[in-house]
Amino acid sequence: MCQNNKQSLEVNFVHISNKQPSLAIWLAEEPASLIPILNEVAADIVAEVYPDYNKIHSNIFVRIRDLPVEDKLRDLR
């Protein structure tokens with residue numbers, strides 16, 4: 001992400017599920033609670049490794065991909 005000067009860190013849900021199953025369950029059940037925490041931790045790590053990265057992007061966003069959750073069309077209303 002940083003090598004390409006991007007602002008979003010894409011994380012594969014399957015990788016999380018394999019390494020930290022309890023985190024994957026929490027992420028699937030309560031993404032609104034967990035995503036801000038992941039964003040903050042990612043920003044802290046980026047700031048440690050690349051101290052001047054905030055001059056490029058002030059925020060870092062974690063994006064979860066390949067989340068195996070299916071919603072029924074009626075539930076989306």
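When reading the values below, keep in mind they use all heavy atoms of this one structure, side chains included, and skip hydrogens, waters and symmetry mates. Since this is a predicted model, take the numbers as computed values, not measurements.
Tested against I64, the residues L9, L34, N12, I35 include a single side chain to side chain contact (heavy atoms under 4.5 Å, CB included) partner, I35.
The two residues V62 and A42 have their closest heavy-atom pair at CG2-CB, 3.8 Å. The shortest non-hydrogen separation linking A24 to S17 is CB-CA, 3.6 Å. Here the closest non-hydrogen pair linking P36 and P31 is CD-O, 4.3 Å. Taking each heavy atom of S8 and R63 in turn, the nearest pair found is OG-NE, 3.7 Å.
Not counting sequence neighbours, the partners of H57 by the side chain to side chain contact (heavy atoms under 4.5 Å, CB included) test are Q7, Y53. Applying the side chain to side chain donor-acceptor pair (under 3.5 Å) criterion to N54, with sequence neighbours excluded, gives no partner residue.
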- [ ] Tell me, with the steps shown, if N59 and N39 meet side-chain contact (heavy atoms from CB on, under 4.5 Å).
- [x] CA-CA 8 Å; N59 295 316; N39 291 342; over 6 Å; no
TODO: Run the numbers on D44 and E40 for side-chain contact (heavy atoms from CB on, under 4.5 Å), then give the verdict.
DONE: CA-CA 6 Å; D44 290 346; E40 185 178 333; 4.2 Å; yes
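Distance CG/N5 to OH/Y50: 10.0 Å, rounded to 0.5 Å. Atom CG of L27 is separated from atom CD of Q20 by 12.0 Å, given to the nearest 0.5 angstrom. Interatomic distance, L67 CG to F13 CZ, rounded to the nearest 0.5 Å: 5.0 Å.
Cluster annotation: I45 and F61 are assigned to distinct hydrophobic clusters (Ile/Leu/Val/Met/Phe/Trp/Tyr, side-chain heavy-atom contacts under 4.5 Å, transitive). V14 and L23 fall into different hydrophobic clusters, where Ile, Leu, Val, Met, Phe, Trp and Tyr are joined by side-chain heavy atoms under 4.5 Å apart, directly or via other members. A single hydrophobic cluster is not seen to contain both I25 and I37; linkage of ILVMFWY side chains at heavy-atom distances under 4.5 Å, directly or through other members, places them apart.
Each salt bridge (charged side-chain N to carboxylate O under 4.0 Å, His left out) pair with one or both residues in residues 19-29, not counting sequence neighbours, would appear here, but there are none.
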